[in-house]
Each structure stands twice: as structure tokens, then as C-alpha cells.
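The figures here come from the full heavy-atom set of this structure, side chains too, leaving out hydrogens, waters and symmetry mates. In the text below, chain A, chain B and the rest are named by the order of the sequence lines, each starting its count at 1.
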Amino acid sequence: DSGVTQTPKHLITATGQRVTLRCSPRSGDLSVYWYQQSLDQGLQFLIQYYNGEERAKGNILERFSAQQFPDLHSELNLSSLELGDSALYFCASSATVADNEQFFGPGTRLTVL
Amino acid sequence: DAKTTQPTSMDCAEGRAANLPCNHSTISGNEYVYWYRQIHSQGPQYIIHGLKNNETNEMASLIITEDRKSSTLILPHATLRDTAVYYCIVRFPTGTASKLTFGTGTRLQVTL
């Protein structure tokens, strides 16, 4: 158990819909990262927040957005969903802003029908 | 970040040592080598990292060649639970952000 929690575990929705994935980092960790893992793209970095501020962006689509709240939990919002957005979405956390030792949550499996 | 090359897959008998190689010939002086693994559909798990000296922890050992162009992750007594995809990542240790770049990794199959 990494100490990172993600909800929901599974999410099934239709194309065009909007969903929110939630992540609670390990106690004391200030950085939260979001990664997407699809069958054809592998594990890809989406975005990082540190203490409420966006710190790094990867290949995150404009339809996707994220935020980190004062209590340090984070949400990833995915809108206008397409079939290709079906993937595992992982959240990770670390103590500092530039930690390469990151602790990953169990993931949310999103299925878009 | 320096590019890494890993074999696509490897097999190992349970109880034997699993030696997973990684080539990173373009590594620069300040870049560290990190290893993660991902057991089927679970979140990746940090294993170990090192700069130039060999490192050991409760999970594995990391051997980095003297020229730092390659490294080997060693699982001393592999068990079925070690079946996973192992990722070698080369990154600078500090900065203002961190985004791990996972390649295709090595799929390790531990068999009876």
C-alpha cells in the first residue's frame, strides 16, 4: 500500500460525457502527479501540481484539466470524452517538487463506451 | 533525460537471481538511474536509484558500470510475485518539477 488513494476504482461512461477522478496523496506529500496508461501509448505523464500550483505539463489534452486543493488532494477532470480516452489513470505523490521517487496510487480504470 | 534501452522480455526461474539490464549510453554526469516496476495493472512501484556507486535495499541491488553507460537491476531471489514490467529511467535529481518518462520496459516472467 503506497498511501496514495484514488477514487473511483472503475468508471464507465459514454462519449461526450465529463468525469472527475480524485486523488489523495500520501500524508505530508506536497506534489501530486497524474499519469495516463493506455494500451497503445504506454504510461504517459499528464500534469504535476505542487502545493496547489501547476508545476509541469506533459501531453495533456485541452479537454483535460486538473487542480490541487488546499488540503492537497487533487482532481483530474476529463470532458467531452472520446473512446480513445479509455485508459488507466494513475495519481502519484512525492514529498517535494522535484522528487523522482514517486508513490503511485492503485489507479482509476476509465471505460468510455 | 537520457534515452534508455531495455530488453523487451526476460524469464527467470523462481528462487534464482533476476538480472535486468539497462543501457543508457548518453547519460550525463548528474543524471541518476531509477528503477520502477509495474505489476499487472497496478500503479508503478519505485524500487531503487543510484548515481555511480552500487546500491542495495530490501528489494533489489543496482549495479552501475564504471563508465555509467549501463546498469543492472538484480532481484537476488526472484519469486512469482516479482513478475512485472520493469522500467529503467534516467533523470536529473533536482529541479523545479519532475515528470517521469516511462519507456516500454522489460517484462519479467518468473516461473516455477
Side-chain angles (χ1 to χ4, degrees), chain A residues 1-6 9-10 21 23-26 29-51 53-60 66 87-111, chain B residues 1-6 8-9 22 24 27-28 30-52 55-60 62 64 71 73 81 84-107:
Chain A
D1 183 359
S2 66
V4 177
T5 60
Q6 289 186 248
K9 209 167 180 177
H10 300 278
L21 312 184
C23 167
S24 293
R26 288 188 322 158
D29 282 358
L30 298 177
S31 266
V32 170
Y33 312 81
W34 286 97
Y35 292 83
Q36 178 194 54
Q37 186 170 35
S38 58
L39 280 174
D40 56 346
Q41 296 283 342
L43 196 57
Q44 292 206 311
F45 168 79
L46 294 178
I47 197 164
Q48 176 195 3
Y49 277 82
Y50 175 74
N51 206 18
E53 290 186 8
E54 182 184 304
R55 276 308 183 115
K57 247 180 174 176
N59 295 327
I60 186 167
L88 269 167
Y89 291 84
F90 291 105
C91 166
S93 74
S94 69
T96 66
V97 69
D99 248 316
N100 294 320
E101 182 180 343
Q102 298 175 13
F103 297 85
F104 283 75
T108 292
R109 183 176 291 279
L110 173 67
T111 302
Chain B
D1 299 340
K3 182 176 160 55
T4 61
T5 304
Q6 299 178 252
T8 304
S9 63
C22 179
H24 32 78
I27 193 170
S28 66
N30 296 330
E31 287 184 302
Y32 279 65
V33 179
Y34 292 81
W35 283 84
Y36 279 76
R37 73 179 182 183
Q38 186 176 23
I39 297 169
H40 180 63
S41 292
Q42 296 181 21
Q45 178 188 25
Y46 164 82
I47 300 173
I48 198 167
H49 74 277
L51 179 63
K52 58 174 90 172
E55 302 288 344
T56 296
N57 63 20
E58 64 279 2
M59 286 183 69
L62 174 59
I64 302 174
S71 60
L73 178 74
R81 290 184 187 182
V85 178
Y86 288 78
Y87 298 97
C88 169
I89 300 169
V90 173
R91 274 200 60 87
F92 288 101
T94 58
T96 58
S98 174
K99 46 182 177 177
L100 298 177
T101 302
F102 291 84
T104 52
T106 296
R107 185 172 296 277

What are the two closest heavy atoms between [X] and [Y], and how far apart are they?
X       : Y        : result
B/Gln42 : A/Phe90  : O-CZ, 3.4 Å
A/Lys57 : B/Lys99  : O-NZ, 3.4 Å
B/Tyr36 : A/Gln102 : OH-N, 2.7 Å

Under a 4.5 Å heavy-atom cut-off, does chain B meet the side chain of [X], its backbone, both or neither?
X       : result
A/Tyr50 : neither
A/Gln48 : side chain
A/Leu88 : side chain

Next on the checklist: Can you confirm whether A/Arg26 is buried at CZ, in the sense that more than 12 heavy atoms of other residues, nucleotides or ligands lie under 6.0 Å from that atom?
Outcome noted: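 Yes - once you tally the heavy atoms of other residues, nucleotides and ligands closer than 6.0 Å, there are more than 12.
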Item to check | Heavy atoms from other residues, nucleotides or ligands near CG of A/Asn59 exceed 12 (cutoff 6.0 Å) | outcome: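 No, CG of A/Asn59 has 12 or fewer neighbouring heavy atoms, counting only those of other groups under 6.0 Å.
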Checklist entry - About how many Å separate CG of A/Leu43 and OH of B/Tyr87, when rounded to the nearest 0.5 Å? => result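 Spacing of OH (B/Tyr87) from CG (A/Leu43) equals 5.5 Å.
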Minimum side-chain heavy-atom gap [X]-[Y] below 4.5 Å:
X        : Y        : result
B/Ser41  : A/Gln37  : no
B/Leu100 : A/Tyr35  : yes
B/Gln38  : A/Phe104 : no

